[in-house]
Amino acid sequence: MENKKQHWEQVFATKLENEVSWYQQKPQTSINFFIENDIPKSAKIIDIGGGDSYLIDSLLVMGYTNLWLLDISQNAIERIKSRLGAKAENVTFIVSDVIDFQPITLFDVWHDRASFHFLTSEMEIESYRNLVSNSINSNGFLFLGTFSENGPLKCSGLEITQYSETKFDTIFGEKFQKIKCFTENHSTPFNTIQNFIFCSFKKK
């Protein structure tokens, strides 16, 4: 685990925000999820592995008031705090590997773009499934974005797990009702294309 943490601390200590493949100035796909599902402004929302992504900025602008951000990297969280300035007071920040996370509250929305796919062992994936199943309110939402089966096999030098709609159904279908799945190309700052799959679910 410590090696994983060291890896991400190094990434966020040495690379600019637009020098990482997942960089998006405006995470429109994630924003659309909140709009399409009419997520209330008071909903308790957690962004898993959010790093210094711009989702939290966008949600603050949209008027969301109950925001949490979890990342394994202290450096990533310091960067986003610095960028948000005074607005950072409206966000609860958690430095933790998601597998070690023990929430003290239930969430209405669990958002994870490009974090879940870094879990590569069956044990980690099962731990994650149990965590989300126990951490989301009844009728709450789960939104996942990962590399698809047409996407890369690695990210930031680390092995990842590719996903399909069927794989998502197998892992999460028991406790969650699928809303929709779709694939989408993400253009990186390096002019490469990564194919993602996004799935949204509602807790049964």
> Side chains of I45 and F34: closer than 4.5 Å at any heavy-atom pair?
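In contact.
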
> Under the side chain to side chain donor-acceptor pair (under 3.5 Å) test, which residues partner K44, sequence neighbours left out?
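Testing K44 for side chain to side chain donor-acceptor pair (under 3.5 Å), a comparison that skips the adjacent residues, returns T105.
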
> Who pairs with I193 by side-chain contact (heavy atoms from CB on, under 4.5 Å), at least two apart in sequence or on another chain?
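With sequence neighbours excluded, I193 shows a side-chain contact (heavy atoms from CB on, under 4.5 Å) to N185, S187, given in chain and number order.
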
> Heavy-atom distance under 4.5 Å between the side chains of L119 and T161, does that happen here?
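L119 vs T161: side chains apart.
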
> Tell me which pairs pass side chain to side chain donor-acceptor pair (under 3.5 Å) where either residue lies in residues 171-183, with sequence neighbours left out.
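Every pair satisfying side chain to side chain donor-acceptor pair (under 3.5 Å) with a residue in residues 171-183: E36-K180, E165-K178, D169-K178.
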
> With sequence neighbours excluded, tell me which residues meet side chain to side chain donor-acceptor pair (under 3.5 Å) with S148.
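Expected list: N195.
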
> Test side-chain contact (heavy atoms from CB on, under 4.5 Å) on L144 and F172; report intermediate values, then the result.
CA-CA 11 Å; L144 288 169; F172 298 103; 3.3 Å; yes

> With side chains defined as the heavy atoms from C-beta onward, is the minimum distance between V109 and I46 less than 4.5 Å?
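Side chain of V109 against side chain of I46, heavy atoms only: no contact under 4.5 Å found.
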
> Test F141 against F201 for ring-ring contact (aromatic ring centres under 6.0 Å, His included), laying out the working first.
CA-CA 6 Å; F141 292 88; F201 298 88; over 10 Å; no

> Got a sec, which residues hit salt bridge (charged side-chain N to carboxylate O under 4.0 Å, His left out) with E9, two or more places apart in sequence or on another chain?
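In terms of salt bridge (charged side-chain N to carboxylate O under 4.0 Å, His left out), with neighbours along the sequence ignored, E9 is linked to K5.
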
> Rounded at 0.5 Å granularity, tell me how far CD1 in I171 sits from CD in E126.
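The CD1 atom of I171 sits 10.5 Å away from the CD atom of E126.
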
> Could you work out, with side chain to side chain donor-acceptor pair (under 3.5 Å) as the rule, every residue matching N137, not counting sequence neighbours?
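With neighbours one apart ignored, the set is D108.
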
> Determine, step by step, whether E89 and K87 satisfy the side-chain contact (heavy atoms from CB on, under 4.5 Å) criterion, reporting the C-alpha distance in whole Å, the side-chain angles of both residues, the deciding distance to 0.1 Å, and the verdict.
CA-CA 5 Å; E89 294 171 12; K87 288 183 185 173; over 6 Å; no

> Using 0.5 Å steps for rounding, measure from the CG atom of L59 to the CG atom of N90.
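Output value for this atom pair is 12.0 Å.
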
> Only counting residues at least two apart or in another chain, list the ones meeting salt bridge (charged side-chain N to carboxylate O under 4.0 Å, His left out) with E159.
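Expected list: K154.
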
> Between E78 and Q74, does any side-chain donor sit less than 3.5 Å from a side-chain acceptor?
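Side-chain D/A pair, E78 to Q74: present.
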
> Ignoring hydrogens and angles, write down the donor-acceptor pairs under 3.5 Å from the side chains of residues 65-72, residues two or more places apart or on other chains.
from	atom 1	to	atom 2	distance (Å)
T65	OG1	K41	O	3.4
D71	OD1	S73	N	2.9
D71	OD2	G51	N	2.7

> Return the set of residues passing side-chain contact (heavy atoms from CB on, under 4.5 Å) with S82 (not counting sequence neighbours), or none when no residue passes.
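Testing S82 for side-chain contact (heavy atoms from CB on, under 4.5 Å), a comparison that skips the adjacent residues, returns none.
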
> Is any side-chain heavy atom of K26 closer than 4.5 Å to a side-chain heavy atom of Y54?
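Not in contact.
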
> Between N37 (side chain) and I39 (backbone), is there a donor-acceptor pair under 3.5 Å?
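Pair absent, no side-chain N/O of N37 close to backbone of I39.
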
> Measure the acute angle between the ring planes of W8 and F118, then classify it against the limits of 30° and 60° as parallel, tilted or perpendicular.
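Perpendicular, since the angle between the ring planes exceeds 60°.
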
> Report yes or no: do F33 and I35 belong to one cluster of Ile/Leu/Val/Met/Phe/Trp/Tyr joined by side chain heavy-atom distances under 4.5 Å?
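Hydrophobic grouping puts F33 with I35.
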
> Check whether any side-chain N or O of K203 sits under 3.5 Å from a backbone N or O of L142 as a donor-acceptor pair, and report yes or no.
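Here the side-chain-to-backbone pair does not exist.
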
> Do you know which of F182, F147, Y163 makes ring-ring contact (aromatic ring centres under 6.0 Å, His included) with F196?
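Option passing the ring-ring contact (aromatic ring centres under 6.0 Å, His included) with F196: F147.
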
> Would I136 and L106 count as a side-chain contact (heavy atoms from CB on, under 4.5 Å) if you check the C-alpha gap in whole Å, the side-chain angles of each, and the deciding distance to 0.1 Å?
CA-CA 5 Å; I136 299 176; L106 294 176; over 6 Å; no

> Is the shortest heavy-atom distance from the side chain of D47 to the side chain of S53 under 4.5 Å?
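A side-chain contact exists here, since the closest heavy-atom pair is under 4.5 Å.
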
> Determine which pairs satisfy salt bridge (charged side-chain N to carboxylate O under 4.0 Å, His left out) with at least one residue from residues 55-67, sequence neighbours left out, and list them in order.
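Of all non-adjacent pairs touching residues 55-67, those that pass salt bridge (charged side-chain N to carboxylate O under 4.0 Å, His left out) are D57-R83.
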
> Measuring from K204:NZ to F176:CZ, what's the distance to the nearest 0.5 Å?
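Result: 10.0 Å between the selected atoms.
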
> Could you give the distance from OG (S121) to CD1 (I99), rounded to the nearest 0.5 Å?
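Those atoms lie 7.5 Å apart.
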
> When you compare the side chain of I160 with that of Q162, does any pair of heavy atoms fall below 4.5 Å?
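Side chain of Q162 against side chain of I160, heavy atoms only: contact under 4.5 Å found.
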
> Are the side chains of L158 and H7 in touch, meaning some heavy atoms are under 4.5 Å apart?
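Contact flag for L158/H7 side chains = yes.
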
> What's the spacing between Q194 CD and T146 OG1 if we round to 0.5 Å?
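Between Q194 CD and T146 OG1, I get 11.5 Å after rounding to 0.5 Å.
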
> What pairs meet the ring pair (Phe, Tyr, Trp, His ring centres under 6.0 Å) rule with one or both residues in residues 73-102, with sequence neighbours excluded?
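Passing the test, one end in residues 73-102: no pairs.
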
> Shortest non-hydrogen contact from G49 to S115?
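What the structure gives for the nearest pair is CA-OG, 3.9 Å.
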
> Would you please indicate yes or no on a ring centroid separation below 6.0 angstrom for F198 and F143?
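For F143 and F198, the ring centres are under 6.0 Å apart.
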
> Determine whether E184 and I197 make a side-chain contact, defined as any pair of heavy atoms from C-beta on separated by less than 4.5 Å.
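No. Closest side-chain heavy atoms not under 4.5 Å.
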
> Can you tell me how far apart SG (C199) and CZ (F116) are? Round to the nearest 0.5 Å.
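Answer for the SG-CZ pair, C199 versus F116, is 10.5 Å.
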
> Can you pull out every side chain to side chain donor-acceptor pair (under 3.5 Å) where at least one residue sits in residues 127-136? Sequence neighbours excluded, please.
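As it turns out, the side chain to side chain donor-acceptor pair (under 3.5 Å) pairs with a partner in residues 127-136, which skip direct neighbours, are W110-Y128, D112-Y128.
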
> So which atom in L84 and which in A88 form the shortest heavy-atom distance, rounded to 0.1 Å?
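Taking L84 first and A88 second, the nearest heavy atoms are CB-N, 3.8 Å.
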
